[in-house]
Protein chains: 2
Amino acid sequence: MSVSIKDVAREAGVSVATVSRVLGNGPVSEALRKRVEDAVRRTGYRPNLSARRLRSQHSQTIGLIVSDIRNPFFTAVSRAVEDAAYHAGMRVILCNTDENPEREAMYLRLMQEERVTGLIFAPTRETLGKLERFGLDFPVVLIDRGEPAGLHDAVILDNRQAAAMLVDHLVERGYRRIGGLFGNTSTTGAERQEGYRAAMAARGLEPAARFVAPRAEAAEAELLAWMAAGERPDAVVVSNSLLLMGVVKAVRRLGLSIPGDLGLAGFDNEPWTELVGPGLTVIEQPVQEIGDAAMALLFERLDNPERPVRKVVLTGTCVVRGSTRGLRQPSPA
Amino acid sequence: MSVSIKDVAREAGVSVATVSRVLGNGPVSEALRKRVEDAVRRTGYRPNLSARRLRSQHSQTIGLIVSDIRNPFFTAVSRAVEDAAYHAGMRVILCNTDENPEREAMYLRLMQEERVTGLIFAPTRETLGKLERFGLDFPVVLIDRGEPAGLHDAVILDNRQAAAMLVDHLVERGYRRIGGLFGNTSTTGAERQEGYRAAMAARGLEPAARFVAPRAEAAEAELLAWMAAGERPDAVVVSNSLLLMGVVKAVRRLGLSIPGDLGLAGFDNEPWTELVGPGLTVIEQPVQEIGDAAMALLFERLDNPERPVRKVVLTGTCVVRGSTRGLRQPSPA
DNA sequence: CTGAAAGCGCTTACAG
DNA sequence: CTGAAAGCGCTTACAG
């Protein structure tokens, strides 16, 4: 079919070993190197990566398994990972699980069949709990969700502190009945709920946390139900941007004004959060650093498989916008 | 290192050929099949895909090269492609070019080295013009940008008609000085500009088209400059969602109201377009169908390399929202 | 149905 | 610096 290293060798009048050395920067005389390079050009030769990987036993491949690349947090992280990978001459296999444990299992098997060099993985709680059973024989770095185990290197945000920041900010702006809406599949949602709860307790306020599936429609429905019930919150903390979008939709349908009728603060500084209503107050994660740190941990682990497990905890930034400006002043009676 | 087919054969007391047949659904007696399956379980064997691909000469791999997976149009298309691919037992290699011809060239070479079964590609105009020089020996289906050549199968939107729809809609809503802002690297931008221009001419209106790099910041800067100049448009047609975002930012900075001071209509029905201001009027592309059609063209081409080149042209839908509701009525003098 | 053997396209000690 | 040869882990005619 396509031209192989043998064809190039014949064309250049050298052995295949010499061709291989030219391609791999081995020691070759200038004269032969020139002849081989010409032959490569004439034949349009392209090395067969499957053969190279098989023979060299190096896949030069990093696996990256996330819940959904459409989540801008993962989009940004994946770009950082890819950049670092290509810098190191490696490729990246990207997989979306939609938080589905069956898909996670399928992709973990794929990673083994591809003989990946290492894996960067944002698992569901369920899969995280039984990760050891997969018998992975390559290093794994967890991102976004590292709790509670200490079996793998991990890069995570201080989710409790970040959620608490949002609560503290809302309290300072005069909100008191602050509800919390969290995703129910990841450890991230659980940790943010803990930070929310702790901050509320520290202020002597009554927490009101709800959990939903990580989809905008679920958040929208939940908020509609919530506002229809008796105990309306005057502000809501939301644990990710998908849910945040659903909340904004619900607020629109109800004809409520932000921040006058409802304060709103959430996670992830996506481009659109600046453009919606008065702008949404959000926690910005250091996505570039998260991707960089994950790759750094992976390479260090490859260098030294025996080094103790390490967890890198990064801190988010609170980007304050109009959505938390304060409640509408009640008109004098 | 890891367990190979030989280890499984030894463990099961059969030949490697039999193990291979069990894995590949070849003809094997029930008794041996059972022994092999047990041995696979005990050893935790996972086939080596590099070896399988090399020997079988089937990579079972589809290449997908797009400008930026963060562009929700490509995100949606890629999900459709991946679903179809996994249905056919194939994997997908996804590459982002950022509309950079050098990256496109690099990835085209990679596709050859991976010996992909076929490629789905959204090229820049520059690369499209010299695609033949790469000597690709696998079928290519172009998406999003197929003009002008007829050398490859392609799935495209009727961009001229879609842009004309937006112009017609704006005219019906009373806008007259309708500007157009287009991306300058893809054929898509060029075609939408043609549709815009034709529709304006048909209405006897003066077109005012501007081209910018496909980034939000470029669109923002361009619109700021535009509104500062003498001839202000009363509405703008924008050729993609990245630019649309930049335009919204500029409008906010200028303190203009949509649709009262400026009508706004663009491309791609992303979730956030519903949430910004009064909602943005956009063209929705049939993304699922585009992905499906591309995969169908690819498989048909693999079945029959000799069939004539085919181009599938799909039509967009105009989703009308508040951003084109009409100009503010001038207050009576 | 089953096994022995060849070979996919490379890389890499091993000699020279 | 260079080449002949072995072998990575599979699949697939070829016999039986």
Nearest whole angstrom, please: distance from the C1' of D:dT11 to the NZ of B:Lys6.
15 Å
Do NZ/NE/NH1/NH2 and the carboxylate oxygens of A:Glu37 and A:Lys34 come within less than 4.0 Å?
no
Between A:Ile5 (CD1) and D:dA6 (C1'), how many Å, whole number?
15 Å
B:Asp98 and A:Arg79 ion-paired at < 4.0 Å
yes
Kindly give the atom pairs (protein nitrogen or oxygen, nucleotide nitrogen or oxygen) under 3.5 Å for nucleotides 2-5 of chain D.
unit_1 : atom_1 : unit_2  : atom_2 : d
D:dT2  : OP1    : A:Ser29 : OG     : 2.5
D:dT2  : OP2    : A:Ser29 : N      : 2.6
D:dT2  : OP2    : A:Ser29 : OG     : 3.1
D:dG3  : OP2    : A:Ser15 : N      : 3.3
D:dG3  : OP2    : A:Ser15 : OG     : 3.1
D:dG3  : OP2    : A:Thr18 : OG1    : 2.5
D:dG3  : N7     : A:Arg21 : NH1    : 3.2
D:dG3  : N7     : A:Arg21 : NH2    : 3.4
D:dG3  : O6     : A:Arg21 : NH2    : 2.4

Nearest whole Å is fine: how far is C:dG9 P from A:Asp7 CG?
9 Å
Correct closest heavy-atom pair for B:Ala154 and B:Leu297 would be O-CD1, 3.6 Å
Would you indicate, yes or no, if C:dC10 has its OP1 or OP2 atom less than 4.0 angstrom from a side-chain nitrogen or oxygen of A:Ser20?
no
Using a strict cut-off of less than 4.0 Å between a Lys/Arg side-chain nitrogen and an Asp/Glu carboxylate oxygen, indicate whether B:Arg91 and B:Glu114 qualify as a salt bridge.
yes
Using whole Å, report how far CG of B:Leu23 lies from P of D:dC10.
8 Å
Side-chain donor-acceptor pair under 3.5 Å between A:Glu99 and A:Thr185, yes or no?
yes
Roughly how many Å is it from CZ in A:Arg10 to P in C:dG9, rounded to a whole number?
12 Å
A:Leu49 CG to C:dG9 C1', straight-line distance once rounded to whole Å:
11 Å
Residue pair B:Glu104 / B:Thr124, side-chain donor-acceptor N/O under 3.5 Å
yes
In whole Å, what is the span from the CD atom of A:Gln112 to the C1' atom of D:dG9?
16 Å
Look through every strand shown and name the nucleotide pairing with C:dG3 as Watson-Crick or G-U wobble, where both distances are under 3.5 Å.
D:dC14
side-chain N/O B:Gln57 vs C:dG9 OP1/OP2, d < 4.0 Å
yes
Of the listed nucleotides D:dC8, D:dT11, D:dG9, the one nearest the side chain of B:Leu54
D:dG9
Flag if over 12 foreign heavy atoms under 6.0 Å of CD, B:Glu102:
no
For atom CZ of A:Arg55 and atom P of C:dA13, their distance in whole Å
8 Å
